[in-house]
Amino acid sequence: MQNFCYKCGRIASEKVQLIENLCPDCYIELHPLLTFPAPLKIKLCEKCNRYFFKNRWITSHYTDLESIIDNALKDIIPPQIERPPQTELEITSNVPGNMESILRKETIIIDINARGRAHNTLDIYSESYKSQKVDLVFTVCPSCLSVKRGMYQAILHILTPYREMLERERDYVFSFIEKQVAKSTKLDDLAYISKFNMKKGKITFYVGSEKFARALASNLSYNLGGLLKETYKFGSRKIPKEVKQNKLYISIYLPSFVEGDLLWVNNAPLHITQIRGKKVSGHNLITLEQFKKPLKVLKDATVLLHSSDIRSFINFSQTKETFQLMDLKNYRIFEIPKSEKYGELKVGEVTRGFEVDGQIYIIPK
Ligand SMILES: [Zn+2]
Ligand SMILES: [Zn+2]
């Protein structure tokens, strides 16, 4: 049993009780009360100002955007913050009077004050998290998507066959389609959506013209990454034969993985950092080299872990040949061979990586 703090070397005593191998000061430093698993955000419909909370679009009692945001913060922000039970939060914003900058930057700044303790052997203390950025995600809620009654010539499917569609993908699709309809309808009478539906891994739009459907498809597949497939099929059987006509079906298959995922390809762990069009880039976490590969090559790759599985490790000691890293979540200790490819990793420094079957893979800075 070691009797000194892994981080600062302080010797344990009656006064300084170690908590999971760390002295109280270092424990508090390495375990902030609040952690932010993802950037804070508020999602709003740009047409009706409703905000998204607990899987529903909420109509605020307020009418101006400033008050809507200011009042929605207290509901929307706390569920996005991880914290020990019984931690109290106090949120203050500078939204009122800042409308122009809000709309220009699509962010607001809030201060959060937290009261609680990172470990139940500690006394209650306060921590303040000043100037936290909150992204305003403007999208279009499904009830505001412009739909125009009329015939459709094409059907556009956006599919995630191996996984659920992410919220941000859905938001992007809706807001993109709405913008394109607004932009194109002046030039092209058939640039409209006549109906749409949404399922877990699929959104379908019925599009006024083939041309508009193709334009939407190529833009969406570029921005989300994805493979396109086009076919002509007969429409519903209920339509009389004379009216029946071939309809264009376009399917966009989004990749089985998203940015931040860890793939396992040819015995190598690949960390995906960007997907654009038909190109995927990231790092091989064994060689730490960057790669850029065609999406086609990776389309059936095994997804090992997601960005939410990324762990933090502290480098608590090193020898000539190795680093000793401690997983800050479960305090397991790993020894990895030193290598210049990890850059300068100092003792006490925290680094990020994945654990796969007892082996850790560091993500380059
Ligand atoms: Zn310490
Ligand atoms: Zn709306």
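Counting starts at 1 for both ligands and their atoms, following the listed order. Residue indices begin at 1 and follow the sequence shown.
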Asks: What residues form a ring pair (Phe, Tyr, Trp, His ring centres under 6.0 Å) with Tyr172, not counting sequence neighbours?
Replies: Phe176
Asks: Quick one: CD1 on Ile110 to OG1 on Thr92, what's the gap to the nearest 0.5 Å?
Replies: 8.0 Å
Asks: Within a strict 4.5 Å, meaning less than it, do heavy atoms of the Gln132 and Phe36 side chains meet?
Replies: yes
Asks: Between Glu178 (side chain) and Ser146 (backbone), is there a donor-acceptor pair under 3.5 Å?
Replies: yes
Asks: Using a 3.5 Å distance criterion without hydrogens, assess whether the side chain of Glu349 forms a donor-acceptor pair with backbone atoms of Lys346.
Replies: yes
Asks: Return all protein N, O or S atoms below 2.8 Å from the Zn ion (ligand 1), chain by chain in residue order.
Replies: Cys5 SG, Cys8 SG, Cys23 SG, Cys26 SG
Asks: Checking Asp188 side chain against Ser184 main chain: does a donor-acceptor pair fall under 3.5 Å?
Replies: no
Asks: Please confirm whether Lys43 makes a cation-pi placement over Tyr51, using NZ or CZ under 6.0 Å from the six-membered ring centre and within 45° of the ring normal.
Replies: no
Asks: Find out whether Ile155 and Ile250 are in side-chain contact, i.e. whether some heavy atom of one side chain is under 4.5 Å from a heavy atom of the other.
Replies: no
Asks: Listing by chain and number, which protein N, O or S atoms are under 2.8 Å from the Zn ion (ligand 2)?
Replies: Cys45 SG, Cys48 SG, Cys141 SG, Cys144 SG
Asks: If the condition is ring pair (Phe, Tyr, Trp, His ring centres under 6.0 Å), which residues does Phe174 pass it with, not counting sequence neighbours?
Replies: Phe196, Phe205
